[in-house]
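Have a look at the structure below, then the notes.
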Amino acid sequence: MTPFTRPDPALVKDLSRFSAATIHEAQGRRGALASSIKPVDHRMALCGPAFPVRCAPRDYLMLQVAISCAQPGDVIVVSAGEYPEAGSFGDVLANACLAKGIAGLVTDTGVRDTAELRELGFPVFSRSVSIKGTVKETVSPLAEPVLIGGELVRPGDVVRGDADGVVVVRQEELAEVIDASQAREAAEAAYIAAYHAGKSVIEVSGLAPVLAAKGLVLD
């Protein structure tokens, strides 16, 4: 495992104030993982530096190694071949993560013991729920970039997940994305205020010339 630099925890905390959707839009509609990766419970949320690990399908050996090596606040990001028919994480390993202060898990394979995971409150985002067992056989890269949900996640990039999905932010762009997310939230608050003041969506969004150019003129 190659050591890597993690972002300033204060910046991670600042990013966590924004939703995954806001962050995705604010950084130019980049970074969203595939919509098939969803939280086990809609109340779950996570934000932290990525600790990536690659696992063979139906094999969770390296996931256990990652849990042992990750630091408090890390989000373990598992690339396991987008294989849905495997329950590679459950309540026992969730307790191991909680004991270490790990911030959450994102995986493109399956998990199980979901009732217990909800009770524990440990944030888990997965491609599927499956009771099918796994093995501990294959050694593979740890703390190296992985491809998951159509996105490249590097060690130390920041992963934000909530009820709507998961987004990744490049570590070197973190401060810039926080500023852009704040600006987007301020703009949306202004739109909402305008609606409640009686303005229409067309007025607020400046759609009249766009519609006219497409041949639609409203009285």
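This is a predicted model, so every value here is computed, not measured. Just so it is clear, the values below take in all heavy atoms, side chains as well, and ignore hydrogens, waters and symmetry mates.
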Indicate, with yes or no, if Phe89 and Tyr60 share a hydrophobic cluster defined by side-chain heavy-atom contacts under 4.5 Å among Ile, Leu, Val, Met, Phe, Trp and Tyr. yes

Could you tell me whether a side-chain N or O of Arg112 sits under 3.5 Å from a main-chain N or O of Ala86, the two making a donor and an acceptor? no

Between the side chain of Arg118 and the main-chain N/O of Val40, is any donor-acceptor distance below 3.5 Å? yes

Carefully, step by step, assess Leu46 and Val106 under the rule side chain to side chain contact (heavy atoms under 4.5 Å, CB included). CA-CA 9 Å; Leu46 56 76; Val106 178; 4.0 Å; yes

For Leu63 versus Cys55, what's the shortest heavy-atom pair and its separation? N-SG, 3.6 Å

Would Asp74 and Arg6 pass as an ion pair if we require N to O under 4.0 Å? yes

Any donor-acceptor pair under 3.5 Å linking the side chain of Ser205 with the backbone of Leu207? no

Does one hydrophobic cluster hold both Tyr83 and Ile148, with members joined at side-chain heavy-atom distances below 4.5 Å? no

Side-chain donor or acceptor of Thr22 paired with backbone N/O of Ser181 under 3.5 Å: no

Taking the side chain as every heavy atom from C-beta outward, state whether Cys47 and Val158 have any atom pair closer than 4.5 Å. yes

Say whether, by atom type as modelled, one donor and one acceptor occur between the side chain of Asp162 and the main chain of Ala20 under 3.5 angstrom. yes

Can you tell me how far apart CD1 (Ile76) and NZ (Lys100) are? Round to the nearest 0.5 Å. 8.0 Å

Restricting to non-hydrogen atoms, name the atom on Ala103 and the atom on Phe122 that form the minimum distance, rounded to 0.1 Å. C-CE1, 4.2 Å

Measuring from atom CZ of Arg154 to atom CZ of Phe4, what distance do you get when rounded to the nearest 0.5 angstrom? 12.0 Å

Distance from Ile178 atom CD1 to Arg17 atom CZ, nearest 0.5 Å? 7.5 Å

Interatomic spacing from NE2 in His24 to CG in Asp164 - rounded to 0.5 Å: 11.5 Å

Can you get from Val210 to Leu216 by hopping between Ile, Leu, Val, Met, Phe, Trp and Tyr side chains that sit under 4.5 Å apart? no

Heavy-atom pair of closest approach, residues Gly156 and Gln171: O-NE2, 3.2 Å

Residues that Ser140 engages under side-chain hydrogen bond (donor to acceptor under 3.5 Å, both in side chains), provided they are two or more places apart: none

Value rounded to 0.5 Å, distance of CZ in Phe18 from CD in Glu185: 5.0 Å

Give the cluster check for Val167 versus Val12: same hydrophobic cluster or not, with ILVMFWY residues linked at side-chain heavy-atom distances below 4.5 Å. yes

Might you point out which heavy atoms bring Phe125 and Gly165 nearest each other, and give the distance in Å? CE2-O, 4.1 Å

Indicate the atoms forming the closest heavy-atom contact of Pro49 with Pro7, along with that distance. CB-CD, 3.7 Å

Just by modelled atom types, is the Gly133 backbone N or O under 3.5 Å from a matching donor or acceptor in the Arg58 side chain? yes

Rounded to the nearest 0.5 Å, how far apart are CD1 of Ile202 and CG of Leu211? 5.5 Å

Between Arg170 and Glu176, does at least one N-O distance fall below 4.0 Å, as a salt bridge requires? no

Taking the hydrophobic residues Ile, Leu, Val, Met, Phe, Trp and Tyr, and joining any pair whose side-chain heavy atoms are under 4.5 Å apart, which ones share a cluster with Val201? Tyr191, Tyr195, Val204

Hydrophobic cluster identity match, Leu142 and Leu61, side-chain contacts under 4.5 Å: yes

Are more than 12 heavy atoms from other residues, nucleotides or ligands located less than 6.0 Å from atom CD1 of Ile131? no

Counting N and O atoms only, with roles assigned by atom type, does the side chain of Ser126 sit under 3.5 Å from a partner on the main chain of Gly110, one being a donor and the other an acceptor? no

Partners passing side-chain hydrogen bond (donor to acceptor under 3.5 Å, both in side chains) against Glu119 (at least two apart in sequence or in another chain): none

Do the side chain of Asp59 and the main chain of Thr138 share a donor and acceptor less than 3.5 angstrom apart? yes

Show the nearest heavy-atom pair for residues Pro39 and Met44, with the distance to one decimal. CB-CB, 4.4 Å

Derivation and outcome, side chain to side chain contact (heavy atoms under 4.5 Å, CB included), residues Asp41 and Leu117: CA-CA 9 Å; Asp41 187 288; Leu117 293 177; over 6 Å; no

Steps toward side chain to side chain contact (heavy atoms under 4.5 Å, CB included) verdict (Val65, Val53): CA-CA 9 Å; Val65 176; Val53 58; over 6 Å; no

Donor-acceptor pair, distance only, cut-off 3.5 Å: does the side chain of Glu151 make one with the backbone of Arg30? no

